[in-house]
Structure formats: structure tokens, C-alpha cells
Trainee: 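Here's a structure for you.
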Amino acid sequence: MKTWIITGGAACGKSNVTSLLRDLLGMNVAWFSADQIVKLAFKDSGFVALLEATFGEQILISGPATGGELVDRRWIREHVLPFAELRLQLEGIIHPHVLTALADEQKTALEAQINLLVAEVPLHYEIGGTVLADLVIVVAASQSVQVRRMMENRGLDEHAVQTFLNAQWPIEAKAERADVVIWNDGDISALKAQVLALTGHIRTT
């Protein structure tokens, strides 16, 4: 079984690339989303208790939970991500959880005789490259496009966006290490063309 990793920067279009690949790759493919694993973890009282023990009750959402999540992402963005030591503590809880879930998915897919596992892991390089992959696809965009998309689509102000981006590797560093780079500064048709070219090339090699 082969494993492909889809990674890249915030608001670069990783999920769009994953969606397009779903349409093109057909059957006998397993799919994994690190973001989905984190969303589920933020609804799990046991996992959330670990975060509360580390950061205090201020990390919890006050009032009704949003989408079932118990963790205040805005508080994390403002009070954890800007500070390297606190960010490392957060990553020390979240990253092992994601890696364990990915290893479980790889094992399940292998046992089911799946040919390919496509895993969307936004922080693949930040985790430390510990995930063995046959192909790493970096979805990239210029920082000005990232900022605009995050402000428009996520309702963040420019300061919050820069804090978020500063917590990740520069997109250029990720692109340098990638097997394939998909550049997504344009519209969806340009993105589709690149993904189609990628799958066509892989099928002929």
C-alpha cells in the first residue's frame, strides 16, 4: 500500500485538492484528515482534560459548545500560538494523537488490502517528517493570497492571520522539501488542471 501526504500552508487549498483527488482516483483508496481527528479530539472530554490540565480552564469554551467542540480555538490562537514554549506544549499533546490515528488508519487500510491512503496532514513538516510517505504533495499560495483568504473565509483580522501563519513553517520551506508542488494562487479551474496533470503523470509512471 502506498501513502500520499497532502500538506501545505493555511488557506492554500489543501482540502480542495483532496476533494479533486477523491473524484479522480476512484475506488480502493482510503482517506485521512488530521483536521477531522483534531475536531473529534476537541469534543472528547478525556482529551480536553489533558489540554485543561496544561493550559487551565481558560482553554475551554465558555457557554454552549460550537459544533460540539469544548475547546476555545480563538483563545488558543491569541494566547498559545504566538508563544513558542506554549505552542510546543500544545503540539506535544495534539501531534502524537494525530500520528497515532494516522498509524491506525494505515494499519486498517493495509488489512483491507487498500491500494492507496491519501492523508491530509497540514502540519506534516512541523510534526517533524515522522510519517513515512511515498509521495508528499505541498499545496502552496503566496502569503498575500493566504492572508486575503483567511480574512475573507474565516473572518480573522490581519493580526490573527499573521499569528496563525507565524506558527507554521514558511510555505517556501515546505515547497523545497515536497515531491510535488501545486500552486494555488488562481481559480478553481487552474487548480483542477494541476491535479489532473498530477494524476495523469502518476498513472503513466
Side-chain angles (χ1 to χ4, degrees), residues 1-44 47 67 69 71 73 87 90-141 146 149-150 154 164-165 167-184 188 191-192 194-203 205:
M1 185 191 72
K2 292 185 176 180
T3 298
W4 293 0
I5 299 292
I6 299 175
T7 190
C12 287
K14 298 179 294 296
S15 295
N16 286 338
V17 169
T18 301
S19 179
L20 291 168
L21 285 173
R22 281 182 180 271
D23 294 337
L24 292 168
L25 291 176
M27 305 294 289
N28 207 28
V29 179
W31 302 88
F32 175 88
S33 168
D35 284 348
Q36 186 60 33
I37 294 299
V38 173
K39 285 181 180 179
L40 292 173
F42 281 5
K43 298 177 183 180
D44 180 79
F47 185 87
E69 290 191 11
V71 176
R73 289 176 180 264
R87 189 169 67 247
L90 178 67
E91 292 171 352
I93 298 171
I94 292 178
H95 288 176
H97 183 76
V98 171
L99 290 174
T100 297
L102 178 54
D104 289 344
E105 184 62 33
Q106 287 176 313
K107 180 180 178 182
T108 299
L110 187 62
E111 291 173 348
Q113 297 184 324
I114 298 294
N115 293 330
L116 173 65
L117 170 64
V118 180
E120 187 179 334
V121 186
L123 298 182
H124 172 67
Y125 291 111
E126 287 84 350
I127 287 173
T130 55
V131 180
L132 296 178
D134 299 281
L135 187 75
V136 178
I137 303 167
V138 165
V139 186
Q146 288 180 277
R149 287 174 179 165
M150 293 181 76
R154 305 186 189 183
F164 198 93
L165 294 178
Q168 299 185 357
W169 276 30
I171 195 64
E172 295 82 5
K174 295 185 179 187
E176 287 177 359
R177 290 163 173 78
D179 297 310
V180 173
V181 177
I182 294 178
W183 196 259
N184 186 30
I188 190 65
L191 185 64
K192 285 181 178 178
Q194 292 181 78
V195 175
L196 185 62
L198 167 64
T199 56
H201 173 72
I202 288 172
R203 285 169 176 164
T205 56

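These numbers come from the heavy atoms of this one structure, side chains and all, not from hydrogens, waters or symmetry mates.
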Trainee: To check you understand the geometry: which heavy-atom pair defines the closest contact between L123 and H95, and what is its length?
Mentor: CD1-NE2, 3.7 Å

Trainee: Identify every side-chain donor-acceptor pair in residues 4-15 under 3.5 Å, counting partners at least two apart or on other chains, and give the distances.
Mentor:
unit_1: T7; atom_1: OG1; unit_2: V121; atom_2: O; d: 2.8
unit_1: T7; atom_1: OG1; unit_2: P122; atom_2: O; d: 2.9
unit_1: K14; atom_1: NZ; unit_2: G9; atom_2: O; d: 2.6
unit_1: S15; atom_1: OG; unit_2: E120; atom_2: OE2; d: 3.0

Trainee: For T199 versus L196, what's the shortest heavy-atom pair and its separation?
Mentor: OG1-O, 3.0 Å

Trainee: A quick test of your reading: do over 12 heavy atoms of other residues, nucleotides or ligands sit less than 6.0 Å from CD of Q113?
Mentor: no

Trainee: What are the two closest heavy atoms between Q146 and L165, and how far apart are they?
Mentor: NE2-CD2, 3.6 Å

Trainee: Considering residues at least two apart in sequence or located in another chain, which fulfil the side-chain contact (heavy atoms from CB on, under 4.5 Å) criterion with R177?
Mentor: Y125, W169, A173

Trainee: Walk me through it: do I114 and T108 pass the test side-chain contact (heavy atoms from CB on, under 4.5 Å)?
Mentor: CA-CA 9 Å; I114 298 294; T108 299; over 6 Å; no

Trainee: Kindly write out the residues that satisfy salt bridge (Lys or Arg N to Asp or Glu O under 4.0 Å) with R73, not counting sequence neighbours, or none if the list is empty.
Mentor: E69

Trainee: Between L135 and K2, does the side-chain contact (heavy atoms from CB on, under 4.5 Å) criterion hold? Intermediate values first, please.
Mentor: CA-CA 8 Å; L135 187 75; K2 292 185 176 180; over 6 Å; no

Trainee: For a quick test of your reading: what N or O donor-acceptor pairs under 3.5 Å do the side chains of residues 28-38 make, sequence neighbours left out?
Mentor:
unit_1: N28; atom_1: ND2; unit_2: N115; atom_2: OD1; d: 3.2
unit_1: S33; atom_1: OG; unit_2: D35; atom_2: N; d: 3.4
unit_1: S33; atom_1: OG; unit_2: Q36; atom_2: N; d: 3.1

Trainee: Under the ring pair (Phe, Tyr, Trp, His ring centres under 6.0 Å) rule, collect the residues that match up with F47, sequence neighbours excluded.
Mentor: H97

Trainee: Between A175 and V181, what is the shortest heavy-atom contact and its length?
Mentor: O-CG2, 3.6 Å

Trainee: Under 3.5 Å, sequence neighbours excluded: what are the donor-acceptor pairs made by side chains of residues 99-106?
Mentor:
unit_1: T100; atom_1: OG1; unit_2: P96; atom_2: O; d: 2.9
unit_1: Q106; atom_1: NE2; unit_2: T3; atom_2: OG1; d: 3.3

Trainee: Report the distance from atom CD1 of I188 to atom CG of N16, rounding to the nearest 0.5 Å.
Mentor: 4.5 Å

Trainee: Test of understanding: with side-chain contact (heavy atoms from CB on, under 4.5 Å), list the residues that count as partners of L110, not counting sequence neighbours.
Mentor: M1

Trainee: How long is the gap from CG on L25 to CG on L20, to the nearest 0.5 Å?
Mentor: 10.5 Å

Trainee: Within this structure, what is the CG-CG distance for the pair L24 and L198, rounded to the nearest 0.5 Å?
Mentor: 9.5 Å

